[in-house]
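Please read the structure below before turning to the comments.
Every chain is numbered from 1 and lettered A, B, ... according to where its sequence line falls, protein lines coming before strand lines.
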Amino acid sequence: MELYEQTIHDLQSQLQARQVSSAEITSSFLDRIASTDPSINAFITVTKEQALADAQAADQRLATDDCTPLTGIPVALKDIFLTEGVRTTCASKMLDNFIAPYDATAWAKMKSQGAVLLGKLNQDEFAMGSSCENSAFGPTRNPWNKDHIPGGSSGGSAAAIAAQQAVATLGTDTGGSIRQPASHCGCVGLKPTYGRVSRYGVIAYASSLDQVGPMTRDVTDAALLLGAIAGHDPKDSTSVDCPVPDYTAALPQGAKGLKIGLPKEYFIAGLDPDVQQAMDQAIAVYRKLGAEFVEVSLPHTNYAVATYYLIATAEASSNLARYEGVRFGHRAKDTAGLIDLMMQSRSEGFGAEVKRRIMLGTYALSSGYYDAYYIKAQRVRTLIQQDFIEAFKSVDLLLTPVAPTPAFKIGEKTADPLQMYLSDIFTIPVNLAGICGISVPAGISSNGLPIGLQLLGRPFGEETILRAAFDFEQATDWHTRKAAL
Amino acid sequence: MSINQHEIEHVAKLARLSLRDDEKQLFTEQMEAILAYVETLNELNTDGISPTSHAVPMENAFRPDCVTPSIGHDRALANAPDKNETYFRVPPVIE
């Protein structure tokens, strides 16, 4: 097996036994990126020199036995994470030349544990999108079929795993942006509970929904990486101060005895037959593993997309007010005074979807509409959250599809934003409720595209969904399937 | 609820966006469709339901009020499109 095909836990044992060096592993990935990325476009920036230097430092550290599970492991980050001294664009022309002045906490933690940075990954601009087509640096292609989208917004983070360009990546998930691309690219994607991982240094889209999480080849790596980045951060006042367990220790506990809820609103007539079949097979696997199933109801599911597109855009319109062409980012030339400078800089720097969401959010917050739209959506958010609280009174976790269909074609939904928004129906409620969810590979469609299974847990119930995901992975071989490149 | 081009221009001004004519027309149509969709929320009676602004119940996060190292002028100004010594430079605000 090539070095670039392996997991964190595979490589770590070889690194610690000195069977391989971080420099060799890192070179293997850099070569792989050079040969595959011209057709995938998962990377916006490849940090080759820094990666080689980091790898050398990691090798010295490995020689001293002062090492962690991440020491010497080459990773890549969605270009929404600030990385000190490295260009950070958020896939926007607005930040084309922005060099981050400090590190995001999630990356600072990985860096201090010896992880090696391969580069920064493509995404939808400012994380606004479900297909990775809204990037100022061109769309990312799905390694399983290059005519299809990889999902979004963390499309580059998922495609890089599927194309074996990094051992693991970080993404962010505001309405499904880790789980949906993980599902479409056949990798594992974990959206932790809101507050589990610091958002400091993560470029803000919708602050009450954004959460950082790992994207990996298997569940063990997701557990390892979550443990490495989780925890309270004084620099993010919304990060929660509760202990970080050893997530890998929970994995062997298995799915036996778990009570799994099937929300009836997620198993609808319009579900793609291949997705339905994958869910049926997954349920059968879990029954064999000793899990028990019950039907539950999340009655406000159908209102989640509307709620999300009011709350997320309102928060975005406020967050993105900081891009005014004065302190950093794009500045328009030949403008007539300060206000014109701001208006022209924003109009030139933002892409169409970002402008659309700023407009919608500004409208929802504007005088005369605030109560009818924004406050109404916040009240419905309470109902959606209560649906989950009610369901978790009778079950340990929920099992659902990640997306109603496998990855759609590039260009298929770009003309109709509302259709694009509706493709996130099964992931959005999770962010509104603030709970945790994981996508694991659970099938391949008739046209050869991966299908993911979503497991949802209580707030701070990551151990439960991880152990259930791990048991499924042990009982199936979907995670070993690879995109033919 | 429908939205017309005049309202789109007003919202664009609030958002400090200068839209081209084709963008104004496109956003009018698309926002009309999106707003018609979000009208479905009015099917729900939310009287007496309190709004959720944050998913995790939290108290205010306080910290001691003491001086700690900050980012410093050089790094703070490193990405400035235009600067003068220790300031961001902008066009004249008051003539």
Side-chain angles (χ1 to χ4, degrees), chain A residues 97-99 101-102 193-195 208-209 234 237-238 240 300 302-303 305-307 309-310 317 321 324-331 335 337-339 341-344 346-347 350 352 355-356 358-360 362-363 366 373 375-383 385 417-418 421 432-434 459, chain B residues 1 3 7-8 10-20 23 26-27 30-31 33-58 60-63 71-72 74-83 88-95:
Chain A
N97 298 312
F98 181 73
I99 308 294
Y102 57 87
T193 306
Y194 185 87
S208 81
L209 305 166
S237 61
T238 63
V240 176
H300 299 93
N302 276 337
Y303 301 98
V305 173
T307 303
Y309 277 95
L310 291 169
S317 73
E324 24 59 327
V326 172
R327 294 163 301 156
F328 53 83
H330 177 75
R331 177 182 284 197
T335 53
L338 185 60
I339 299 293
L341 178 147
M342 292 177 177
M343 293 188 78
Q344 298 304 329
R346 289 166 65 76
S347 302
F350 292 139
K355 287 181 193 172
R356 189 155 40 237
I358 291 174
M359 289 287 290
L360 192 58
T362 304
Y363 182 76
S366 66
Y373 288 114
I375 297 296
K376 179 79 185 180
Q378 287 196 326
R379 291 185 203 278
V380 180
R381 182 176 182 179
T382 305
L383 296 174
Q385 192 171 31
L418 187 56
Y421 298 171
L432 292 168
Chain B
M1 185 163 317
I3 186 164
E7 281 179 292
I8 289 286
H10 172 66
V11 173
K13 197 176 153 195
L14 291 176
R16 294 281 186 266
L17 287 170
S18 159
L19 301 181
R20 299 184 310 268
E23 284 178 317
L26 184 69
F27 288 175
Q30 290 175 335
M31 279 178 63
I34 295 164
L35 291 170
Y37 177 73
V38 304
E39 286 294 312
T40 55
L41 297 186
N42 291 326
E43 294 167 8
L44 294 171
N45 181 352
T46 52
D47 293 350
I49 307 288
S50 45
T52 293
S53 57
H54 192 80
V56 184
M58 284 183 99
N60 274 337
F62 292 111
R63 62 168 172 77
I71 194 167
D74 288 349
R75 281 198 295 167
L77 286 163
N79 284 288
D82 194 7
K83 61 192 167 193
F88 298 103
R89 182 152 53 189
V90 295
V93 180
I94 303 163
E95 296 290 341

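For B:Ser18 against A:Ser347, the heavy-atom pair with the smallest separation is N-OG, 2.7 Å. Looking at every heavy atom in both residues, B:Ala61 comes nearest to A:Ser237 through CB-CB, 3.7 Å. A:Arg331 and B:Val90 get closest at one heavy-atom pair: NH2-CG1, 4.0 Å. Of all the heavy atoms in A:Phe328 and B:Pro81, the pair that sits closest is N-CD, 4.0 Å.
Side-chain N or O atoms of A:Arg381 include one that pairs as donor or acceptor with a backbone N or O of A:Leu432 at under 3.5 Å. Side chain of A:Gln385 to main chain of A:Gly434: no donor-acceptor pair is present (N/O by atom type, distance under 3.5 Å, no hydrogens or angles). In this structure, the side chain of A:Thr382 engages the main chain of B:Thr52 through a donor-acceptor pair within 3.5 Å.
For A:Leu310, the part sitting under 4.5 Å from any heavy atom of chain B is the side chain, from C-beta outward, and nothing else. Both the backbone and the side chain of A:Tyr303 come within less than 4.5 Å of a heavy atom of chain B. Neither the backbone nor the side chain of A:Leu209 comes within less than 4.5 Å of any heavy atom in chain B. Contacts of B:Ala78 with chain A are absent, with no heavy-atom separation under 4.5 Å from either backbone or side chain. Residue contact with chain A, scored on non-hydrogen atoms closer than 4.5 Å, involves the backbone and the side chain of B:Arg75 alike. With a threshold of 4.5 angstrom between heavy atoms, B:Ile8 approaches chain A through its backbone and through its side chain. Interface remark: A:Leu341 contributes side-chain atoms only to the contact with chain B (heavy atom separation under 4.5 Å). Residue B:Leu41 touches chain A through both its backbone and its side chain, counting heavy-atom pairs closer than 4.5 Å. Proximity to chain A (any heavy atom under 4.5 Å) is shown, for B:Asn60, by neither the backbone nor the side chain. Residue contact with chain B, scored on non-hydrogen atoms closer than 4.5 Å, involves the side chain of A:His300 exclusively.
Taking the six-membered ring where tryptophan is involved, the planes of A:Tyr194 and B:His54 are perpendicular, since the angle between them exceeds 60° and thus also 30°.
Comparing A:Leu383, A:Val326, A:Val240 by how many heavy-atom pairs each has under 4.5 Å with chain B, the most go to A:Val326. Interface check for chain B: of the options A:Ser317, A:Gly325, A:Pro101, the most heavy-atom pairs under 4.5 Å are formed by A:Pro101. Counting heavy-atom pairs closer than 4.5 Å to chain A, the top-ranked of the candidates B:Met31, B:Glu43, B:Gln30 is B:Gln30. If you tally non-hydrogen atom pairs under 4.5 Å between each of A:Thr193, A:Ile358, A:Leu360 and chain B, the highest count goes to A:Leu360.
The existence of a salt bridge linking A:Lys355 and B:Glu23 is confirmed by a sub-4.0 Å separation between a basic side-chain nitrogen and an acidic carboxylate oxygen.
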